[in-house]
Amino acid sequence: MSSGMTNKTLVIITGPTAVGKTALSIRIALELATEIISADARQFYKELQIGTASPTLEEQKLVRHHLINHLSIYDYYNAAMFEQQALEIMNDLFQHSDYVVVTGGSGLYIDTLCHGIDELPDPDPGIRRQVKDLYEREGLTGLRHRLKQVDPQYHSEVDPANHKRIMRALEVFMSTGMPASYLRKNQRKERPFNIKKIVLNRPRQELFASINQRVDQMIRLGLIEEALGFFKERHLNALNTVGYKELYAWLANHWPLHVAVDKIKTNTRRYAKRQLTWFRRYDDARWYHPGDEQAVMDFIQYGNE
RNA sequence: GGUACCAUAGCUCAGUUGGUAGAGCAACGGACUGAAAAUCCGUGUGUCCCUGGUUCGAUUCCGGGUGGUACCA
C-alpha cells in the first residue's frame, strides 16, 4: 500500500453486454461526484459508435468518460497499455474524489486494472508477422511442435487447439529468447486503493430481450452505414467485432439482411454468455440487478446491501 | 363437410423391418495475462400429440380423437 490512498475506492461496474451498465454507472458516478473510466475494449475506438453502444454525447455531458474514443481502429492497443493509462487517470481523479467508477464488460481489462499483468514486452510487429506466417504455412500442428521445443512447460498447459495462445507464446519466446512459461508469473499487484466489484445481471430471458432490442435499435440508428464505411478495413482487429463482422459477411455472401441481423443477435447473446462465465469466477464481486440502484449505492458506501 | 398427407428436442427435420431415438441450427456449461465484442473446449436438454387395441414389449402396426397442411366441395 502506498502513501495515504487507502480511503480511495475503485468502483467497478461490469456485467454482460446490454444489461444496463452505462445508465447505472452514470447515476452512480453522479451520486459519488466522480468520473467514469471505460473498460470496454471496443468503445475505445472513435470510429465505432453505434455498434459498440458507446455513451452518447448527452450521457458524456452528464459525466465525463475517460478511455472512450481515444483510439483509432488503426491503432495497436493491449491490456497493459490500458492498465497504465487507466491508473494514471485514476491517480488524477483520486486527487479530488474518494471514488472512481470503472465500467465496461471486458473481463481481461478489468482484471488487469484490479491486479495487474505480468511484465512482458509489447509484441514486435515484425515478429508477430513471422509467427502468423508460420501458422499459415505449418498450421496448428507446426506451431505446437515448435512450442514444444522451446517451451515444453507451456506446451503442456496451453489449450492445444487455441492458435492464438500458442502464437503468443512463440512470439514471446522469439522476442525475448525466454519461454513464456518462465515470464508468466501470474503475480497479483497490490493496488493502493480499495476495489468494490459489482456485476450487473438480469434473468436470461430479460437479458436476451434487451440484446435483441438493442441490435434492432442499432440497425435503425445506422449501424449498416457505420460498418460498411470501413468495409475495406474489415481485416483490422478492431473490426473483428460483433455487429460489424456479420455485416461484412452479409455483403460478401449476399444474404438477406434479416439473416445478418439474426447473426448479430446470436453472436451478441453468445458474447454475453462468455462474459458471464468470466465474471462467475470472481470471488470478490457482488451481483445486482441493474434496477437495484439503492442496493448498489449502499454496498459502495457502507459495504453491504 | 369429404379425401389425402403430416404430428419426434426450443426450431427445421431424420429415424426406429416393434426392443423408449439423432442431425443441423438455437440453447446450455467451461477455459482464458499484450488481438479479449477476440480465441478455444465441452454438453442432447425428449410424455416420439392424446386415447384405446394387438403384442412379452408400441414412438413405430391397427382403430378413434385432437391439431395442422393441401386438394375437392
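In what follows, every chain begins at residue 1, and chains take the letters A, B, ... in the order their sequences are listed.
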Query - side-chain contact (heavy atoms from CB on, under 4.5 Å) against A/Thr176, all qualifying residues, sequence neighbours excluded - result: A/Pro121, A/Val172, A/Met178, A/Leu183
**Report entry** Sequence neighbours excluded - ring-ring contact (aromatic ring centres under 6.0 Å, His included) pairs with any residue from residues 19-77 of chain A
**Finding:** A/Phe44-A/His70, A/Phe44-A/Tyr77, A/Phe44-A/Phe82, A/Phe44-A/Tyr109, A/His70-A/Tyr77
Report task. Check whether the side chain of A/Arg165 and the base of B/rA35 form a donor-acceptor pair under 3.5 Å. Result -> no
Requested in this report: Going by the side-chain hydrogen bond (donor to acceptor under 3.5 Å, both in side chains) test, name the single residue among A/Thr14, A/Asp284, A/Asp283 that passes it with A/Lys197.
Outcome: A/Asp284
Report summary line: Between A/Arg270 and A/Ser54, whichever has its closest RNA chain B nucleotide further toward 5' is A/Arg270
Requested in this report: Treating a pair as Watson-Crick (purine N1 to pyrimidine N3 plus N6-O4 or O6-N4) or G-U wobble (N1-O2 and O6-N3) with both distances under 3.5 Å, list the stems of 3 or more consecutive pairs that involve RNA chain B.
Outcome: B:1-7 with B:66-72, B:10-13 with B:22-25, B:27-31 with B:39-43, B:49-53 with B:61-65
Report task. Please state whether the phosphate of B/rA38, meaning OP1 or OP2, lies under 4.0 angstrom from any side-chain nitrogen or oxygen of A/Lys245. Result -> yes
Query raised in the report: Does a donor on one side chain sit under 3.5 Å from an acceptor on the other, for A/Gln153 and A/Glu157?
Result: yes
Report summary line: Sorted by number, residues from residues 125-144 of chain A placing a heavy atom under 4.0 Å from RNA chain B are A/Arg128
Report task. From the options B/rA38, B/rC40, B/rA36, select the nucleotide whose nearest atom is closest to the side chain of A/Arg274. Result -> B/rA38
Query - With A/Arg168 via salt bridge (charged side-chain N to carboxylate O under 4.0 Å, His left out) - residues at least two apart - result: A/Glu171
Report summary line: Numerically ordered, the residues 197-225 of chain A set in heavy-atom contact under 4.0 Å with RNA chain B is A/Arg204, A/Phe208
